Amino acid sequence: MKFAIVGAGAIGGYLGARLALAGEEVTFIARNRNLAAINANGFKLIEEDGREQVARNLRAVQRMAEAGPQDAVLLTLKAHQVKDVLPELRELFGPHTLVVTMINGLPWWYFHKLAGPYEGRSLESVDPGGVIGAHIEPERVIGGIVYPASELVEPGVVRVIEGNRFTLGELDGSRSERIEALSQAMMRAGFKSPVSKDIRGEIWVKLWGNLSFNPISALTHATLQDICRFPATRELAARMMTEAQAIGEKLGVEFKISLDKRIAGAEAVGAHKTSMLQDVEHGRALELQALVGSVVELAQITQTPAPNIEAVYAVTGLLAQTLSQHAGKLALSPA
């Protein structure tokens, strides 16, 4: 298959390098030092066990028109970055091109092909004015969920921290020929790539933790382990998750694990900094709308009380605004 990776960072690099090593035709959409490094040296992948592999049978381009139509486009950007690539993105589309969303939080397509009173509705928090939905036909979209952790240690070099599972799902829950082909390509590359009949339910299980632990960690500079072991923040996370569960259940979501088990899973990760805390420390824009603002919007749509989520969203939003206004970053250092 021909793959374009839009977002040649930690997850995009991991996916693209593995796919290229398995013999797929891979093109990275990249810029600046990353672009130069990939074209000069290929993409180096440092696996969990320290083993290094370099994928050289790939290319990187800056303009999507240079890549041309693909079989599958993997969107491995942050949610707020998608709108920035829309003008060019259609250069990658042929008649049957798939767009696979490997993005944290609730996606812009959430209500497409979702039977019920909200079918076809847009999520303003992640797609203001429906701009993304207008550029990417929902018929192209395959939902994807990212479970691994990796880091871009330097341009063209990714280190895998843990995990190799990327769950896929059609928006209508069907097991189509195209998703089977995509899953098979991913598995040939060494990934676990199950096809879910309920991709939204899978999204909620991951989001359930992200919507609470990410903003709490950004505000407190605490790791997952710290949040779960400090009684007050553990209780706050549980209250936020309880509110989120009520919202999800009104939308027909079935939560297949208990709240306590989900929190225990986060605690077991250990002294890990969430992505939102890392963004605060490095002065990057926060994924606040996709992870929390979207849930606040769903609370309003479903008329579900969510005072704890709304309060945490408000103060994290002010933090994001303050950092942006001052082009600043915020990290703890020894006194």
Side-chain angles (χ1 to χ4, degrees), residues 1-94 97 99-104 135 144 146 148-161 164 166 185-186 189-191 275 278-279 281-287 324 327-329 331:
M1 293 180 71
K2 290 180 66 175
F3 287 90
I5 313 294
V6 181
I11 293 299
Y14 181 24
L15 284 161
R18 277 270 193 99
L19 287 164
L21 287 164
E24 308 296 342
E25 186 177 337
V26 174
T27 301
F28 285 101
I29 309 301
R31 294 181 298 173
N32 304 327
R33 294 174 59 207
N34 219 18
L35 174 67
I38 296 167
N39 280 328
N41 307 312
F43 213 113
K44 180 188 283 188
L45 188 64
I46 306 170
E47 299 282 4
E48 287 181 67
D49 59 6
R51 181 170 48 93
E52 296 185 2
Q53 300 183 84
V54 179
R56 301 188 187 279
N57 59 323
L58 48 75
R59 63 177 181 147
V61 300
Q62 182 167 336
R63 297 183 63 251
M64 297 186 198
E66 297 175 55
Q70 304 289 310
D71 295 320
V73 175
L74 306 188
L75 286 182
T76 55
L77 303 162
K78 292 191 173 181
H80 56 266
Q81 297 172 326
V82 174
K83 65 181 185 301
D84 298 328
V85 304
L86 290 177
E88 278 195 273
L89 193 66
R90 296 192 67 82
E91 300 284 359
L92 301 174
F93 293 177
T97 301
V99 177
V100 188
T101 57
M102 302 282 194
I103 299 170
N104 280 333
H135 279 79
V146 177
S150 58
E151 61 177 336
L152 186 71
V153 294
E154 61 182 89
V157 181
V158 161
R159 176 184 289 112
V160 181
I161 297 170
N164 68 347
F166 294 86
M186 295 278 287
F191 297 116
S275 60
Q278 292 179 52
D279 288 341
E281 292 183 336
H282 291 91
R284 299 187 291 250
L286 308 189
E287 292 181 283
S324 177
K329 57 185 179 181

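Fair warning: this is a prediction, and the values are worked out from it, not measured in the lab.
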| field | Minimum heavy-atom distance between Ala10 and Leu152, given as atom pair plus value | value | CB-N, 3.7 Å
| task | Could you pull out the closest heavy-atom pair between Leu92 and Ala4, with the gap in Å? | result | CD1-CB, 4.1 Å
| task | Give a yes or no answer on whether the side chain of Arg159 reaches the backbone of Val153 with a donor-acceptor pair at less than 3.5 Å. | result | no
| message | One pair to check against side-chain contact (heavy atoms from CB on, under 4.5 Å): Thr76 and Ile5. What are the steps and the verdict? | response | CA-CA 7 Å; Thr76 55; Ile5 313 294; 3.8 Å; yes
| said: The test is side-chain contact (heavy atoms from CB on, under 4.5 Å); show your working for Val82 and Ile103 and say whether it passes. | reply: CA-CA 9 Å; Val82 174; Ile103 299 170; 3.6 Å; yes
| task | Salt-bridge test for Asp279 and Lys329: reply yes if a basic N is under 4.0 Å from a carboxylate O, no otherwise. | result | no
| request: Measure the spacing between CD of Glu47 and CD of Glu52 and express it to the nearest 0.5 Å. | output: 10.0 Å
| said: Measuring centre to centre across the rings, with the benzene-like ring taken for any Trp, is Tyr14 within less than 6.0 Å of Phe43? | reply: no
| message | Check whether Asn34 reaches the backbone of Pro155 with its side chain - one donor and one acceptor, N or O, closer than 3.5 Å. | response | no
| task | Look only at the side chain of Gln81 and the backbone of Lys78, and say whether a donor-acceptor pair between them is shorter than 3.5 Å. | result | yes
| Checking Glu88 side chain against Met64 main chain: does a donor-acceptor pair fall under 3.5 Å? | yes
| field | Rounded distance (nearest 0.5 Å) linking atom CG of Asn164 with atom OG of Ser150 | value | 11.5 Å
| query | If you take all heavy atoms of Phe28 and Ala8, which pair is closest and at what distance? | reply | CD2-CB, 3.7 Å
| remark: Heavy-atom closest pair (Leu21 atom, Asn57 atom, distance to 0.1 Å) is N-OD1, 4.4 Å
| Atom CZ of Arg31: over 12 foreign heavy atoms under 6.0 Å | no
| note | Taken in chain and number order and not counting sequence neighbours, the residues that satisfy side-chain contact (heavy atoms from CB on, under 4.5 Å) with Lys2 are Glu25, Gln70, Asp71
| query | Judged by atom type as modelled, is there a donor-acceptor pair below 3.5 Å linking the side chain of Arg56 to the main-chain atoms of Asn41? | reply | yes
| Going from CD1 on Ile29 to CG on Leu74, what distance comes out if it is rounded to the nearest 0.5 angstrom? | 11.0 Å
| query | Is any side-chain N of the basic residue among Glu24 and Arg18 closer than 4.0 Å to the acidic one's carboxylate O? | reply | no
